[in-house]
Amino acid sequence: MKEQRKRMLDRSILKHAVKDSFIKLNPMIMMKNPVMFVVEIGTLVVLLMLLFPGYFGTGKEMGFNLAVFVILLFTLLFANFAEALAEGRGKAQAASLKKSKQDTKANKLVGNNIQVVNSTELRKGDIVVVSQGEMIPGDGEVIEGLASVDESAITGESAPVIKESGGDFCSVTGGTRVVSDRVKVRITTEPGETFIDKMISLVEGAKRQKTPNEIALNTLLISLTIIFLIVVVTLAPIARHFNIDLPVPVLISLLVCLIPTTIGGLLSAIGIAGMDRVTQFNVLAMSGKAVEASGDINTMILDKTGTITFGNRMASEFVPVGNVEKAELVKWAAMSSIKDETPEGRSVLELMRKQEYTLEETLATGGTFIEFKAETRMSGMDLADGRKVRKGAVDSVRQWIISQKGHVPADLEEKANQVASEGGTPLAVALDDQIYGIIYLKDTVKPGMKERFDQLREMGIRTIMCTGDNPLTAATIAREAGVDDFVAESKPEDKIAVIRREQEQGKLVAMTGDGTNDAPALAQADVGLAMNSGTVAAKEAANMVDLDSDPSKIIEVVAIGKQLLMTRGALTTFSIANDVAKYFAIIPAMFMLAIPQMGALNVMGLGSPLSAILSALIFNAVIIPLLIPLAMRGVKYKPMSSDRLLGRNLLIYGLGGMVVPFVGIKAIDLLVHLWI
Ligand SMILES: Nc1ncnc2c1ncn2[C@@H]1O[C@H](COP(=O)(O)OP(=O)(O)OP(=O)(O)O)[C@@H](O)[C@H]1O
Ligand SMILES: [K+]
Ligand SMILES: [Mg+2]
């Protein structure tokens, strides 16, 4: 898939785009683009004049009229081609996804028996068993077992990923393949609504809706078109009043040159290409609106572990407190982690083995495991003999000890702060009413984070790190990474509170997350990016899913969104500036046609009135395909404040838009004048 995405303009996409350019001439389709629809009506009028010259009394200008007709037709085809080309890659991708969505057999669990059914017959709530080598028949959650799954059909990534029941890595996607072991999966979607189905309709653009920004721009373009339509229509009777006869094809040429055809022709291609850039980045955006919103983000909420830091928070040291023996600390640290399947929990046992301590497994027999929860920030075990072991955030364990009427050793604070000030996470270990010491969880800030946050600041985006960790660790990591602000000891509901607070100040907020407890915040954020590895709830709440499950990608997504908005702004500026310049070519020419004495108006020194009009019209047509690469690729984006950006773009695209047509029309006129 990834390979396919990279091949941007292969032959079959081009061929399809050419074919689609003609299909899109259908007025019912054209109507959706009012600016180009006006061009189409003009083209049809000129065609009628060509077909029935007697009726219109236009016999003698046949050559000129034919030229106008052909140029107008190409203007339409060029605009259609831009859109078709932008759609092409998505369509090709959809076709290859459809291929991978072949029907499979599913081993459905009915009572205690397995019944083989078609994957299309599976409904929400059904339970299936999938073994090594088999295709997962639908989207769901692993409810029993652990397996490695090849997800390359959707992510393009060939390394298998581990899926296991419970926790944040339980969601599986239909169409992916189990490469080892065997799992029980509860189906979570109805047929036709699966992730692959959604992906197909997204990349295909089947349900593409105009975004608020596009609608606003379209309204502007329609208003301009109506204004120029009125101007041109009233021009004819006024001219006639002064005994000047302006032929209809000349008026149509004038109209087409004046209305914003460049941006009108490229507008939808810009939007589609922007979405496509996000897709190529292996991010699925549920709507164009989400991509655009990411271009307007003011605040970005990031979590610490796994986003700013590598997230493989590993136990690296056992630090006893008071006069506790290290062996005692290790014993209880291990006991609290014996069934703790989090990476942190597993790393405690690994460190124990590495330091050559042995686990007293029998102690755990009959005990009840206390699972880690973000709310309690602790995990542990209630032993069969009534004793309780806990490990967790120092503050939480301290409170727990106090509630157990225990005592907090004097050096706990100092030793915990030592770990935290190095950016590590201290976990306190306690048994009943005694704290034994600290587990030092080491995590490192990803390289290049500071530069990225500097860039975000230049873009005018404020970054807030929300972490469940203690304030000192949070402060150290925040400083090291260069985020603007942080919230420590934050529980899942605190993230929503931060988002709401920002939104109440009129800001647009982006965040990433993967857990079920992130889902409400992902839904609340204006841009919510869920990890593909995350839970179904998170993916459903978010408006984007990162197939590579790299939370720091939110930074690039914002850059792509900005680039999309900028590209649209730049080409609009260019288009409107262009039309102003075309005035100078076509209006004088028109009057010279009627009153040859007005030659002084010919400021551009164009060959003849007719060649001036045709040259302006040709320029108006060819500028569309010439700008297709820019529309598809997007304008170059450098992080800077919106004000400076606006100023810069006005200069480049506004001034450029004025100058380019003068040069272009003059050059075309030199050629056209050779045979007119
Ligand atoms: N397996 C575990 N057992 C006990 N305590 C844990 C465990 N994992 C984490 N903790 C403690 O709970 C705190 C909160 O963890 P949580 O995963 O909610 O947030 P976090 O990973 O620190 O922050 P972030 O939101 O940046 O990912 C941690 O800072 C740590 O002190
Ligand atoms: K135009
Ligand atoms: Mg976390």
Side-chain angles (χ1 to χ4, degrees), residues 304-305 309 313-338 340 342 344-345 347-352 354-357 359-360 363 367 370 372-383 385-444 467-480 486-491:
K304 171 177 74 75
T305 314
T309 64
R313 223 168 15 188
M314 295 293 203
S316 69
E317 230 176 288
F318 295 109
V319 188
V321 292
N323 42 20
V324 171
E325 289 288 321
K326 187 170 173 195
E328 280 293 290
L329 166 63
V330 177
K331 174 176 163 185
W332 296 116
M335 199 52 58
S336 71
S337 307
I338 224 168
D340 181 1
T342 64
E344 288 86 350
S347 76
V348 171
L349 296 186
E350 264 163 45
L351 182 66
M352 176 206 76
K354 214 158 72 194
Q355 301 198 346
E356 290 170 9
Y357 291 96
L359 187 63
E360 294 177 47
L363 247 177
I370 311 289
F372 168 72
K373 284 210 175 68
E375 285 79 14
T376 60
R377 293 205 200 105
M378 291 194 294
S379 57
M381 174 98 79
D382 289 353
L383 299 180
D385 61 12
R387 288 186 292 174
K388 293 180 168 137
V389 204
R390 293 291 183 275
K391 72 164 186 297
V394 176
D395 201 49
S396 309
V397 172
R398 188 191 287 124
Q399 270 167 26
W400 183 78
I401 278 290
I402 293 170
S403 76
Q404 302 275 109
K405 311 249 177 309
H407 137 92
V408 180
D411 57 343
L412 176 73
E413 177 103 11
E414 182 206 317
K415 287 188 169 146
N417 285 353
Q418 180 57 39
V419 171
S421 63
E422 288 170 24
T425 298
L427 290 188
V429 178
L431 173 72
D432 291 331
D433 58 358
Q434 194 191 348
I435 295 188
Y436 279 71
I438 284 168
I439 306 170
Y440 185 160
L441 296 179
K442 231 185 198 138
D443 201 355
T444 31
T467 174
D469 228 324
N470 70 83
L472 197 53
T473 307
T476 309
I477 298 286
R479 193 169 353 97
E480 215 176 300
F486 68 89
V487 182
E489 289 174 341
S490 76
K491 296 192 176 139

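The analysis underlying the following values was restricted to heavy atoms, covering all of them including side chains, and did not include hydrogens, waters or symmetry mates. Just so it is clear, the model here is predicted, and its values are computed rather than measured.
- In this structure the side chain of V389 never reaches within 4.5 angstrom of the side chain of K331, judged on heavy atoms.
- The minimum heavy-atom distance linking V397 with A428 is given by the pair CG2-O, 3.6 Å.
- The line from CD of Q434 to CH2 of W332 is 10.5 Å long, rounded to the nearest 0.5 Å.
- The NZ atom of K354 sits 9.5 Å away from atom OG of S347, with the distance rounded to the nearest 0.5 Å.
- Under the salt bridge (Lys or Arg N to Asp or Glu O under 4.0 Å) criterion, R479 pairs with no residue at all, not counting sequence neighbours.
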Does the side chain to side chain donor-acceptor pair (under 3.5 Å) test come out yes or no for Q418 and E414, once each step is laid out?
CA-CA 6 Å; Q418 180 57 39; E414 182 206 317; over 6 Å; no
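- Two residues are said to be in side-chain contact when any heavy atoms from C-beta on lie closer than 4.5 Å; T425 and D443 fail this criterion.
- A search for side chain to side chain donor-acceptor pair (under 3.5 Å) contacts involving S336 returns nothing, not counting sequence neighbours.
- Closest approach of S316 and L351 over heavy atoms only: C-CD2, 3.7 Å.
- The pair R313-E344 counts as a salt bridge, with a side-chain nitrogen and a carboxylate oxygen less than 4.0 angstrom apart.
- Once rounded to the nearest 0.5 Å, the distance linking CD of E422 with OG1 of T473 reads 10.0 Å.
- In this structure the side chain of M335 reaches within 4.5 angstrom of the side chain of L383, judged on heavy atoms.
- Among all heavy-atom pairs drawn from P426 and A416, the shortest one is CG-O, 3.7 Å.
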Test side chain to side chain contact (heavy atoms under 4.5 Å, CB included) on R387 and L431 and set out the steps.
CA-CA 7 Å; R387 288 186 292 174; L431 173 72; 4.1 Å; yes
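- One distance of note links CG of L427 with OG of S379; it measures 7.5 Å at 0.5 Å rounding.
- The two atoms that bring A334 and M352 nearest to each other are CB-SD, 3.5 Å, heavy atoms only.
- For K415, the side chain to side chain contact (heavy atoms under 4.5 Å, CB included) partners are V319, V321, D411, I438, not counting sequence neighbours.
- Here the straight-line distance linking atom CZ of F486 with atom OG1 of T467 works out to 10.0 Å at 0.5 Å rounding.
- S337 and G345 get closest at one heavy-atom pair: CB-O, 3.5 Å.
- Atoms CG and NZ, on D340 and K391 in that order, are 3.5 Å from each other to the nearest 0.5 Å.
- The closest side-chain heavy-atom distance from D382 to R390 is below 4.5 Å.
- The minimum heavy-atom distance linking A420 with N470 is given by the pair CB-OD1, 3.6 Å.
- Contacts classified as side chain to side chain donor-acceptor pair (under 3.5 Å) and involving residues 397-409 (residues at least two apart or in different chains) are given here: D395-R398, R398-E413.
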Show me, pair by pair, the donor-acceptor contacts under 3.5 angstrom made by side chains of residues 322-329, not counting sequence neighbours?
unit_1, atom_1, unit_2, atom_2, d
K326, NZ, Q355, OE1, 3.0

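- D432 pairs by the side chain to side chain donor-acceptor pair (under 3.5 Å) definition with nothing, not counting sequence neighbours.
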